[in-house]
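Working notes, beginning with the structure itself.
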Amino acid sequence: MENMQAVNSFVAAYLKKKGFKEAEQLLEDLQKESAPIDFHNDPDLAKFIHHFSQSEDDVARYQDGYSKLRSWTYSSLDLYKHELLRVLYPVFIHSFMDLVAKGHLQEARTFFNAFHEDHELMHSRDLQKLEGVLSQSHLEEMEFARSLRQNKVNIKICQYSYGLLLQYLHKTQSTAMLGVINEHINFQVTSGQPGSISDDTEVVTLIGSCQDAASLINQKEIHWGLLEDSLEERLEKEGGLLSDSEKAEAENKEGDVDDSKKRSVEGGKQGASTKKLKKDKAVNATAKSARPEAKPTPAAPRVKPELTLPVMSTEVEQSILEDLRNRVQLSSVALPSVSFYTFLNTHNGLNCSSISQDGSLVAGGFSDSSLKVWDMAKLGQQAGSSTLQGENDSTSSEHVAGPNGVKRSYTLFQGHSGPVYSATFSPLGDFILSSSADTTIRLWSTKLNANLVCYKGHNYPVWDVQFSPVGHYFASSSHDRTARIWSMDRIQPLRIMAGHLSDVDCVQWHANCNYIATGSSDRTVRLWDVQSGECVRIFIGHRSMILSLAMSPDGRYMASGDEDGTIMMWDLSSGQCVTPLMGHTSCVWSLAFSCEGTVLASGSADCTVKLWDVKTSTKAPKNEEKSGNPNRLRSLKTLATKSSPVYSLRFSRRNLLFAAGVLSKNV
Amino acid sequence: MSNVPKEAIEVIAQSIGITNLSPDVALALAPDVEYRVREIMQEAIKCMRHSRRTVLTTDDVDSALNLRNVEPICGFASRDALRFKKAAGHKDLFYIDDKDVEFKEVLESPLPKAPLDTSVTSHWLAIEGIQPAIPENASIEAPSDGKKAEYKEDGLSVDVKLPIKHVLSRELQLYFDKIVDITMNKSVSILFKQALLSLATDSGLHPLVPYFTCFIADEVARNLNNFPLMFALMRVARSLLQNEHLHIEPYLHQLMPSIITCLVAKRLGNKFTENHWELRNFAAKLVASICKRFGHVYHNLQPRVTRTLLHAFLDPTKTFPQHYGAIQGLAALGPSVVRLLILPNLEAYLQLLEPEIKRHEAWCVYGALLRAAGLCMYDRLKMFPSLLAPPTRPVWKSNNKVATNKRKASTDTLMQQQPPAKKIATESAIGGSNIGVSSMSRPLSNDNMLGREVGGRVSKTSTVLAQAWKEDTDPGNLLASLFELFGESMLSFTPKPELSFFL
């Protein structure tokens with residue numbers, strides 16, 4: 001009551017000062033009626049009062065108010081502490097921006113320096129951006145700051161914490177803080193117990209409206225099932241029909257099929273050096289025995305393709321079926337073999353690398369605008385140990401000679417006029433796409449060693465390009481904040497996916513070709529419907545730029561890796577993070593699922609390839625939280641390279657893992 | 001207020017020709033400049049990430065500028081990092097050291113080597129999840145305890161295969177701890193002696209060898225001025241080396257530096273009273289025994305040791321104790337090493353030593369040299385006892401006449417061996433050089449007696465000494481030269497029966 005009296009007299013004094021006689025009269029009348037207004041719970045009035053007192057010593061009030069709020073929060077009960085802590089960050093940045101907006105630049109800086117360390121852990125990237133804001137014009141100019149100012153932050157808070165907070169604010173009369181909170185925070189008060197510490201992913205991205213939109217979008221239906229009539233399916237049927245004796249027969253045929261495959265389809269490029277094939281087979285032999293028992297989980301739902309898919313020739317089909325039959329079953333106890341391709345003498349110029357489906361071709365995109373492709377089968381030949389001699393007769397003539405007649409070990413593709421940022425092989429290895437800073441994407445033929453098409457459409461450097469799993473279509477992502485879908489036969493994009501708030505850094509196709517996923521510098525991953533071009537999912541949770549994406553072969557999960565080394569596993573249907581995967585200490589450049597989806601491989605700038613058990617995590621339902629994080633993905637193995645950051649990873653159809661990296665001295 | 005001070009703006013304005021920039025403008029520009037720079041750097045970081053790098057380069061900044069349609073900054077294209085130098089007199093002021101390069105020099109200099117072309121190699125990073133131990137793969141480290149603990153927290157069944165790790169039995173751990181304790185704290189007790197004995201004889205200690213070598217290396221590095229501990233450590237090392245059951249070769253590389261340290265360290269112990277000479281002698285013997293035992297396994301072991309020691313010996317900036325250690329070490333390696341490495345440098349070294357000879361340290365070094373040379377001498381004389389046949393030539397008579405005191409006389413007696421030496425040399429027809437040498441020593445002895453032409457004598461003496469490494473050098477010459485340098489104290493090294501010829 002005393003409080004109110006004080007406020008009333010304050011208001012009255014103010015009105016008198018300003019000469020608002022009518023209002024003064026009114027107020028007096030109201031007071032006479034002795035019907036005190038419940039303005040404690042009336043945010044409008046609180047704001048009103050707040051506005052009056054705004055003009056005087058702003059700075060000190062922000063400074064004081066925040067530091068008091070902070071110490072109060074930190075000394076609050078542990079049960080409610082983490083909920084209250086969530087309030088601090090928005091209050092902090094908005095106080096800072098308020099100070100800037102009011103022109104107290106010096107004070108804003110000291111305020112920032114005094115308190116930014118509290119939030120460094122969670123929001124370092126945002127703080128980095130905000131630190132540069134030094135005048136009002138910057139606030140308006142910077143997109144990030146603008147969106148922060150315009151939108152309210154949603155914070156989930158339990159009834160009691162909310163009560164505590166309000167009580168505190170009123171008691172201390174810290175109107176500055178109250179103002180900030182009223183203006184920028186939208187409390188979603190929930191009854192019952194305070195939430196657990198773990199589910200504060202929402203706090204990471206502050207923009208409220210975006211969150212609403214995201215939850216709206218994430219309610220859309222998606223069909224993550226595999227394509228109808230896929231080869232895997234056919235194989236399963238086939239496998240079911242074949243009796244054991246027939247199987248044996250099929251295995252006898254193996255040799256013939258192998259040969260024909262190599263000669264015909266991939267024009268001799270196919271054969272990874274025989275050594276590797278043999279290895280593959282050897283591995284197979286061990287795995288095969290265990291195979292009949294380990295039947296894959298009940299088949300995923302099937303969907304119809306939305307795109308017209310290219311027709312596959314029967315030979316190709318045969319070879320793929322062959323590979324599928326010989327696939328090694330990977331699991332947490334049967335880890336894959338990893339063949340590592342090391343780039344030497346790149347002089348810091350290698351920007352990206354890509355490995356063809358069978359591992360026989362390796363491409364590197366360089367900052368000097370060139371694209372170089374190595375034929376690993378030939379490399380083996382040069383070394384002298386050639387058992388493939390006979391089979392490679394057709395190709396051995398086309399050794400590439402450099403301008404001075406010096407024999408190069410690679411095929412040089414020149415055509416871009418800027419650093420090449422990404423390269424991708426078509427599923428059969430006969431085409432390569434490369435994207436560059438010169439805003440173009442180029443299609444090259446590995447058979448003709450020539451540039452076929454130049455796709456122009458993006459307005460800024462194209463960061464990433466990926467062939468669809470069936471070939472023919474490809475997706476690209478660019479600094480111009482769009483992702484585009486193309487087909488090889490058109491020079492214009494078929495679809496433009498716009499919606500990301502910053503660069504689209506990486507792109508990946510869904511296994512059924514009906515969706516693409518894009519990762520962006522705005523720290524979200526989005527899933528887009530290829531047919532309609534609509535965004536169907538937004539995945540929020542990463543704390544830094546997303547660098548790599550991978551889709552599980554069953555189409556249900558997606559993994560994304562970011563700049564900090566965090567990998568997140570997402571459930572596509574729910575749009576929720578299944579589990580974050582901690583372990584890498586630096587950028588995750590590449591992710592790959594094994595062919596049956598049991599093992600996830602990640603390659604990072606910290607010079608390791610890590611293998612993760614995917615099955616444990618995906619099977620354990622989220623609500624089963626008895627001992628902290630039982631459903632966290634388990635790291636199976638860390639394979640350290642010799643100071644070679646891992647640039648790309650690829651599982652062959654037979655589950656041999658290929659990795660490529662560059663030997664660098666300064667790591 | 002901003003990180004860019006307004007002075008910087010003023011300087012930049014001046015550099016592009018704007019002289020009348022008002023301070024207000026500079027003040028207003030400063031925050032904006034910082035904002036823009038930050039913006040560009042954030043873009044540059046994006047470019048860096050897309051180039052799959054973790055280090056920001058000038059190229060990234062250029063690409064970022066390109067994205068903003070700003071002219072890239074020229075002149076910073078070099079691949080290696082810029083070197084910032086500190087401006088003299090300022091604490092936080094740095095500048096880029098930009099050297100002027102002469103056009104002519106650039107044009108005339110030979111073309112740099114063409115950089116190697118990019119290539120790709122392949123290897124197995126893992127085979128069925130196991131990393132093969134090939135040079136292409138990084139060496140496997142044992143996972144840290146923290147990681148294991150993390151797994152346990154998960155409550156998941158962990159089937160992580162740890163790298164093979166040998167397990168120390170409890171007894172061995174206790175044994176190790178005990179030995180370490182005794183060595184560190186009770187190195188004068190009887191217990192320590194027994195411990196040494198145990199180390200030298202026990203057959204089951206092999207799993208502890210890496211720990212012991214590590215312990216010795218660590219403690220030596222840490223306790224250079226704790227003399228008793230150093231000595232104790234060396235004793236432990238010796239015991240380990242004596243133990244026939246231990247396979248210590250793989251750990252020699254860890255052990256050797258510590259022992260060499262004890263041999264040629266600048267200071268051992270911090271009191272004058274502590275007899276570091278003794279420690280050096282001990283270490284010298286240890287080195288010699290190692291070289292003897294493992295020399296045939298590691299062919300470069302002895303050469304490396306001698307090179308290290310010779311460096312210490314020949315470096316005049318090193319202190320006398322260091323020289324002493326080096327000499328002792330070389331001497332312990334055997335007379336041939338002495339002949340090869342010490343004797344040729346003896347003359348020069350003694351000259352260096354002479355002005356300091358009053359000091360105790362120098363005297364010790366002198367003694368060491370004397371002993372080294374003498375033992376070498378002794379060895380030679382032992383090998384060719386026949387050389388010391390009684391004098392026959394008449395020339396000696398004349399020499400005897402000149403002789404006036406005992407010392408001179410003994411010189412003469414020494415000289416007596418020359419003719420026979422010459423005779424043998426010629427008889428065995430080994431080579432002209434020998435004859436030359438022996439014929440030269442005659443005027444040499446005369447010089448000595450007359451006390452003239454010191455310089456000439458020196459050069460001749462050193463010629464003899466320089467020849468000393470040859471197997472066929474006759475010890476007589478050697479003895480003569482050494483005698484000149486050391487005086488009669490040399491005689492004590494001649495074997496008794498031979499000596500009798502002279503007396």
Side-chain angles (χ1 to χ4, degrees), chain A residues 105-106 109 129 132-135 138 283 332-348 350-352 362 367 372 374 376 379 408-409 419 421 437 460-461 463 479 503 521 545 547 563 586-587 589 605 609 616 627-628 630 632 634 637 639-642 645 647 659 666, chain B residues 1-3 28 30-32 34-39 41-43 45-47 49-55 57 59 63 66-67 79 81 115-131 135-141 143 147 150-151 153-161:
Chain A
L105 303 182
Q106 181 70 60
R109 204 22 101 81
K129 278 189 195 161
V133 175
L134 288 165
S135 76
H138 295 159
V283 174
S332 51
V333 282
L335 295 177
S337 297
V338 189
S339 174
F340 197 85
Y341 296 141
T342 315
F343 287 84
L344 305 170
N345 308 319
T346 56
H347 309 288
N348 258 342
L350 187 74
N351 286 350
C352 64
V362 182
S367 57
K372 296 171 184 173
W374 282 263
M376 296 317 287
L379 275 193
R408 286 207 208 96
S409 60
Y421 285 124
Y460 276 103
W463 294 135
H479 179 68
D503 303 35
S521 295
M545 165 180 179
L547 295 167
E563 215 180 348
S586 188
C587 310
W589 296 134
V609 175
T616 12
S627 62
R632 190 163 67 205
R634 192 158 65 111
K637 184 93 185 171
L639 304 168
T641 66
K642 211 170 186 180
Y647 282 17
N666 49 9
Chain B
M1 169 183 67
S2 68
N3 289 336
D32 203 50
E34 186 185 336
Y35 178 72
R36 302 292 154 199
V37 169
R38 276 173 187 277
E39 235 179 12
M41 293 324 280
Q42 274 161 15
E43 291 292 303
I45 288 171
K46 275 184 201 165
C47 293
R49 292 298 181 213
H50 286 287
S51 301
R52 301 272 194 281
R53 267 186 277 109
T54 44
V55 179
T57 67
D59 289 348
S63 336
N66 237 339
L67 287 179
R79 285 276 178 203
L116 290 168
D117 204 358
T118 312
S119 60
V120 176
T121 60
S122 72
H123 70 269
W124 289 108
L125 182 66
I127 294 170
E128 291 177 42
I130 312 288
Q131 285 194 283
E136 287 92 339
N137 282 337
S139 53
I140 301 164
E141 300 149 27
K147 209 171 165 189
E150 193 187 338
Y151 282 125
E153 267 171 37
D154 282 356
L156 288 170
S157 62
V158 184
D159 50 357
V160 183
K161 282 173 194 157

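Residue numbering restarts at 1 for every chain, and letters A, B, ... go by the order of the sequence lines. On a predicted model such as this, the values are computed, not experimentally measured, just so you know.
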*asked:* Which atoms of Arg52(B) are under 4.5 Å from chain A, going by heavy atoms: the side chain, the backbone, both sets, or neither?
replied: both
_Reported CH2-to-OG distance for the pair Trp374(A) and Ser122(B), which is rounded to 0.5 angstrom_ = 13.0 Å
*Determine the option with the most heavy-atom pairs under 4.5 angstrom with chain B, choosing from Val609(A), Val133(A), Leu639(A).*
Leu639(A)
*Between the side chain of Ser337(A) and the main-chain N/O of Glu128(B), is any donor-acceptor distance below 3.5 Å?*
yes
*Option that, when pairs with chain A are counted at under 4.5 Å, heavy atom only, ranks first among Ala28(B), Gly129(B), Ser119(B)*: Ser119(B)
_Check whether Gln131(B) reaches the backbone of Ala640(A) with its side chain - one donor and one acceptor, N or O, closer than 3.5 Å._
yes
*Report the distance from atom CG of Asp503(A) to atom CG of Leu67(B), rounding to the nearest 0.5 Å.*
8.0 Å
*Just give me the residue among Thr346(A), Val338(A), Leu335(A), Val362(A) that pairs up with chain B most often, heavy atom to heavy atom, under 4.5 Å.*
Val338(A)
*asked:* Rounded at 0.5 Å granularity, tell me how far CD1 in Ile45(B) sits from CD in Glu563(A).
replied: 7.5 Å
*Region of Lys129(A) that comes under 4.5 Å of a non-hydrogen atom in chain B*: both
*Could you grab the distance from atom CH2 of Trp463(A) to atom NE2 of His50(B), nearest 0.5 Å is fine?*
4.5 Å
*Is it the backbone or the side chain of Thr641(A) that comes under 4.5 Å from a heavy atom of chain B, or both, or neither?*
both
*Mind telling me whether Phe340(A) and His123(B) have parallel, tilted or perpendicular rings, with 30° and 60° as the class edges?*
tilted
*Engaged part of Pro336(A) at the chain B interface, taking heavy atoms whose separation is under 4.5 Å*: backbone
_Top contributor to chain A interface from Asn66(B), Asp117(B), Val37(B) [non-hydrogen pairs under 4.5 Å]_ = Asp117(B)
*Closest heavy-atom pair and its distance - Leu116(B), His347(A)*: O-NE2, 3.2 Å
*Could you look at Leu547(A) and say if it's the side chain, the backbone, both or neither that has a heavy atom under 4.5 Å from chain B?*
side chain
*Return the minimal non-hydrogen interatomic distance between Lys46(B) and Ser521(A), and the atom names on each side.*
CE-OG, 3.7 Å
*Is there side-chain contact between Cys587(A) and Arg49(B), with at least one heavy-atom pair below 4.5 Å?*
yes
*Go through the atoms of Phe343(A) and report whether side chain, backbone, both or neither lie under 4.5 Å from a heavy atom of chain B.*
both
*Per-residue contact mode, His138(A) against chain B (heavy atom under 4.5 angstrom)*: both
*Compare every heavy atom of Val120(B) with every heavy atom of Tyr341(A), then report the nearest pair and how far apart it is.*
CB-CG1, 3.9 Å
*Proximal component of Thr342(A), with respect to chain B [non-hydrogen, under 4.5 Å]*: both
*asked:* Quick check for you: to the nearest 0.5 Å, what is the distance between Arg53(B) atom CZ and Leu350(A) atom CG?
replied: 10.5 Å
